[in-house]
Amino acid sequence: MDPYDLLGVSRDADDAAIKKAYRALARKYHPDVNPDEASQERFKEISHAYEILSDPTKRAAYDRGGDMGFGFGGGAGAGAGFSFTDIMDAFFGGQGGGGGTSSGRGPRSRSRRGQDALVGLEIDLAEAAFGASHEMTLDTAVVCDTCHGEGAAPGSKPVTCETCRGAGEVAHVQRSFLGEIRTLRPCAACRGFGTIIPDPCRDCGGDGRVRTRRTITIKVPAGVDNGTRLQLTGQGEVGPGGGPAGDLYVELRVARHPVFQRQGSDLHCQVTIPMTAAALGTVITLPTLEADLVTDDVTPETPTSFDLEVKPGTQPGSDQVLRGLGVPGLHGRGRGDLVVTVLVETPTGLDDEQAELLTQLSKLRGEEHPLGSLKATRQGFFGRIRDAFGEH
Ligand code: ZN
């Protein structure tokens, strides 16, 4: 069929009229719009007609009588691989469709935010409870002093990229039967920056940052626990091109304490006393966790010791709770308790006199031939399993 007839234009139609006619027909028959088979076939025909009439060489050849292989008999689809939007963009500079392909984004900045960094810090229990100040040595990227993050050697400057003329993008042209389809891609010469650094800074290789070792002071707030992460804004890695630094995260690990075990905001410890003290009662002075803070020039405001009153007849394994001697809450909210478990030690290695006294005591108490009192294990099997895991 005649391409002029297919597009419905006269033999002397100019390029604009041909384009206009094709645009109207493409909108009507494009498979994205009208997927039925007859429309698809029609679309192939009008597309092929347009391929001939939009190309001056092919159009002239057709006018001279060549048939240009017209009518490809439903072969490989014309228009395949190009969406309706692509075609409209190719023609009308993005006005026909979504307008995606020809709207540029411009050059990208060399400066980008740096990465966050994560480091671990071991502190002791008193530091976790009452807060501390810790010095820490880190290896991170910092702004290059030589070029101040610019990346250009002192006295030189980035120059506009000749390939993209500073746009950071170059048009990529795909030829098709419809003509040219333009898409924008980042410029390979300048990697999309729009500028090239002809003389990179020797100290940072043009990156604008160098790795260095620095010491920072980390303030550990009171009440932190094992696994707490502190966020230090802007103390992470500096970004390339003088970009802002990421954040530094410090993950705390609280070392095991020889005396106190922490459970939430409570502290637990055990004290062992002689059998006679458990029977008669006594008062024992014990250190608080604050005692760990005492140095030659520091004396904490809070007490570093407390008096544990052991009442007469205290049983082994009994707990005493001392209110407010545990771990302070984060942000100064409340304070946990100290739970002291009293263990009683049976005397060993009695001499004759001691044995005699205890024998007299047992006679007085009628305990020479004790029957014992039999009962089930206090916690049972699963309780012991729990204890085994809870110990650590
Ligand atoms: Zn530099």
Side-chain angles (χ1 to χ4, degrees), residues 94 99-123 127-128 131-174 182-221 224 227-253:
T101 50
S102 41
S103 59
R105 286 169 301 276
R108 64 189 177 108
S109 172
R110 283 183 190 279
S111 160
R112 272 180 292 136
R113 184 183 183 272
Q115 286 184 321
D116 295 337
L118 174 66
V119 293
L121 175 66
E122 184 168 292
I123 57 175
E127 290 175 318
S133 202
H134 252 272
E135 298 230 305
M136 211 178 177
T137 303
L138 301 168
D139 282 306
T140 58
V142 299
V143 173
C144 173
D145 275 341
T146 310
C147 64
H148 306 291
E150 299 293 325
S156 78
K157 275 185 174 170
V159 295
T160 303
C161 174
E162 286 175 10
T163 307
C164 65
R165 300 191 207 296
E169 301 174 307
V170 287
H172 177 79
V173 178
Q174 247 178 310
R182 284 163 47 93
T183 49
L184 289 171
R185 294 185 177 179
C187 174
C190 65
R191 289 184 298 145
F193 296 127
T195 56
I196 284 171
I197 295 175
D199 186 13
C201 170
R202 282 154 198 76
D203 287 337
C204 65
D207 190 37
R209 54 183 182 164
V210 289
R211 293 203 79 79
T212 193
R213 180 160 290 196
R214 66 200 168 103
T215 301
I216 61 168
T217 304
I218 292 163
K219 282 235 166 275
V220 178
V224 296
T228 300
R229 278 190 182 184
L230 306 176
Q231 181 180 10
L232 282 77
T233 306
Q235 295 280 6
E237 309 268 350
V238 155
D247 297 338
L248 175 67
Y249 290 90
V250 180
E251 186 167 297
L252 301 173
R253 208 186 85 76

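Numbering of ligands and ligand atoms starts at 1, following listing order. Remember, predicted model here, so these are calculated numbers, not experimental data.
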Keeping to distances under 2.8 Å, can you name the protein N/O/S atoms close to the Zn ion (ligand 1)?
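Metal shell, protein only: Cys144 SG, Cys147 SG, Cys201 SG, Cys204 SG.
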Roughly how far, to the nearest 0.5 Å, is the OG1 atom of Thr215 from the CE atom of Met136?
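With rounding to 0.5 Å, CE (Met136) is 10.5 Å from OG1 (Thr215).
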Measure the SG-CD1 distance between Cys161 and Ile196 for me, rounded to the nearest 0.5 Å.
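Answer rounded to 0.5 Å: 4.0 Å.
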Tell me, please, which residues at least two apart from Asp199 pass salt bridge (Lys or Arg N to Asp or Glu O under 4.0 Å).
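With sequence neighbours excluded, Asp199 shows a salt bridge (Lys or Arg N to Asp or Glu O under 4.0 Å) to Arg202, given in chain and number order.
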Do you know the tightest heavy-atom contact between Cys164 and Cys190?
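Minimum heavy-atom contact is SG-SG, 3.7 Å.
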Using every non-hydrogen atom in the two residues, find where Val224 and Val220 come nearest and quote the distance to one decimal.
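Of all heavy-atom pairs spanning Val224 and Val220, the closest is CG2-CG1, 3.6 Å.
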Walk me through whether Glu237 and Arg211 qualify under salt bridge (Lys or Arg N to Asp or Glu O under 4.0 Å).
CA-CA 9 Å; Glu237 309 268 350; Arg211 293 203 79 79; 3.2 Å; yes
